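In this text the structure is predicted, and so the values were computed from the model without any measurement. Keep in mind that the numbers below use all heavy atoms, side chains included, and drop hydrogens, waters and symmetry copies.
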Amino acid sequence: MTTSKILAVISAVCRFGLAAVWLISGYLKFIDPVETKKSVEAYELFPVDVAQMIGTVLPLAELALGVLLLLGVFLRPVAAVSALMFVGFAIGIASAWARGLTIDCGCFGVGGENPDAGAGTYMLGIGKDILFLIMAAWTVKRPFARWAVYA
C-alpha cells in the first residue's frame, strides 16, 4: 500500500470514527435528558441553570457534529470545533479529579456521582478525549473529502 493510500485510510478512520463518537454519545445523552443534565451538574463548574442549559444543548450539538462529519459538510471547521470540545471535556474531567469529586464523566451517556471513581476512571476519560482530540486534529489537517457533500 502506498503512503498516500495509508494516509487516506487514516483520514477516513478519523473522520468516520469521530462521526461515530459524536452520534453515539449524542444519542445516549439525548434519550435521557434528565440524567444528562445531572451529569453536567455533577462537575460543579457552572451554576445549576447554566449546567441545565448545557445538558440540553450538548446532545444536540454532538448529534449535529456527527451528522456533519458523516455527510462531509465543512469538515475542517467541524473537526476544529470537535477538537475544542474534547479539550474542554478533558479539562472538565481533570478539574473534577483535582477537586476530589467522585464522578463518572458521562462521556457516553449518563455520568454523575460515582463513589468508585478513582485515578483510573479519570485517566481513562482524559485518555479518550486525547485520542479523539488527535483524530479531530488529523481531520483538520488532512480531511477525508471523499464522499463529502461539501468539504
| Does the side chain of Asn114 come within less than 4.5 Å of Thr102's, by heavy atoms? | no
| message | Whether the Ser11 and Arg15 side chains hold a donor-acceptor pair (N or O, under 3.5 Å, no angle test) is what I'd like checked. | response | no
| message | Ignoring hydrogens, what is the shortest heavy-atom contact between Ser25 and Cys107? Give both atom names and the distance. | response | CB-O, 3.2 Å
| Verify same cluster id: Leu75, Leu84 (apolar side-chain graph, 4.5 Å) | no
| Is there side-chain contact between Pro47 and Val50, with heavy atoms separated by less than 4.5 Å? | yes
| field | Minimum side-chain heavy-atom gap Asp104-Glu113 below 4.5 Å | value | no
| field | Leu69 and Trp22: CA distance, side-chain angles, deciding distance, side-chain contact (heavy atoms from CB on, under 4.5 Å) verdict | value | CA-CA 9 Å; Leu69 284 164; Trp22 285 133; 3.7 Å; yes
| said: Whether Lys38 and Glu41 form a salt bridge (side-chain N of Lys/Arg under 4.0 Å from carboxylate O of Asp/Glu) is what I want to check. | reply: no
| request: Name all pairs fulfilling the ring-ring contact (aromatic ring centres under 6.0 Å, His included) condition that reach into residues 105-125, sequence neighbours left out, sorted by first residue then second. | output: Trp97-Tyr122
| task | Indicate the atoms forming the closest heavy-atom contact of Lys29 with Pro59, along with that distance. | result | CB-CG, 3.6 Å
| remark: Heavy atoms of Ala136 and Ser82 approach each other most closely as CB-CB, 4.1 Å
| note | Looking only at heavy atoms, the pair that brings Ala90 and Ile126 closest together is O-CG1, 4.0 Å
| message | Does any part of the side chain of Thr139, heavy atoms only, come nearer than 4.5 Å to the side chain of Leu18, both counted from C-beta? | response | yes
| request: Of all the heavy-atom pairs spanning Gly55 and Val40, show the shortest one and how long it is. | output: CA-CG2, 3.9 Å
| message | Applying a strict under-4.5 Å side-chain criterion to I, L, V, M, F, W and Y, I'd like to know whether Ile31 and Leu60 cluster together. | response | yes
| task | Mind jotting down which residue pairs meet the ring-ring contact (aromatic ring centres under 6.0 Å, His included) criterion with at least one end in residues 30-60? Sequence neighbours excluded, please. | result | none
| task | Hey, could you give me the CD1/CD1 distance between Ile93 and Ile103, rounded to the nearest 0.5 Å? | result | 8.0 Å
| query | To the nearest 0.5 Å, what is the distance between CG (Asp129) and SG (Cys105)? | reply | 7.0 Å
| said: So, taking the atom named CH2 in Trp147 and the one named CG in Leu71, what distance separates them when rounded to the nearest 0.5 Å? | reply: 14.0 Å
| task | Output the distance between atom NZ (Lys141) and atom CG (Leu7), rounded to the nearest 0.5 Å. | result | 11.5 Å
| query | In terms of hydrophobic clustering (I, L, V, M, F, W, Y; side-chain heavy atoms under 4.5 Å; direct or indirect links), are Leu124 and Leu133 co-clustered? | reply | no
| said: Assigning hydrophobic clusters by single linkage (Ile, Leu, Val, Met, Phe, Trp, Tyr; side-chain heavy-atom cutoff under 4.5 Å), is Trp138 placed with Leu68? | reply: no
| said: Just so I know, are the side chains of Phe16 and Leu70 near enough to count as touching, which here means a heavy-atom distance under 4.5 Å? | reply: yes
| query | Tell me, do Leu23 and Leu63 make a side-chain contact under 4.5 Å, heavy atoms counted? | reply | yes
| task | Please check if Leu65 and Val140 belong to a single hydrophobic cluster, counting links between Ile, Leu, Val, Met, Phe, Trp and Tyr side chain heavy atoms closer than 4.5 Å. | result | no
| Just by distance, do the side chain of Arg99 and the backbone of Ser95 share a donor-acceptor pair under 3.5 Å? | yes
| field | For Val13 against Met135, the heavy-atom pair lying closest together | value | O-CE, 3.8 Å
| Tell me, do Val87 and Ile91 make a side-chain contact under 4.5 Å, heavy atoms counted? | yes
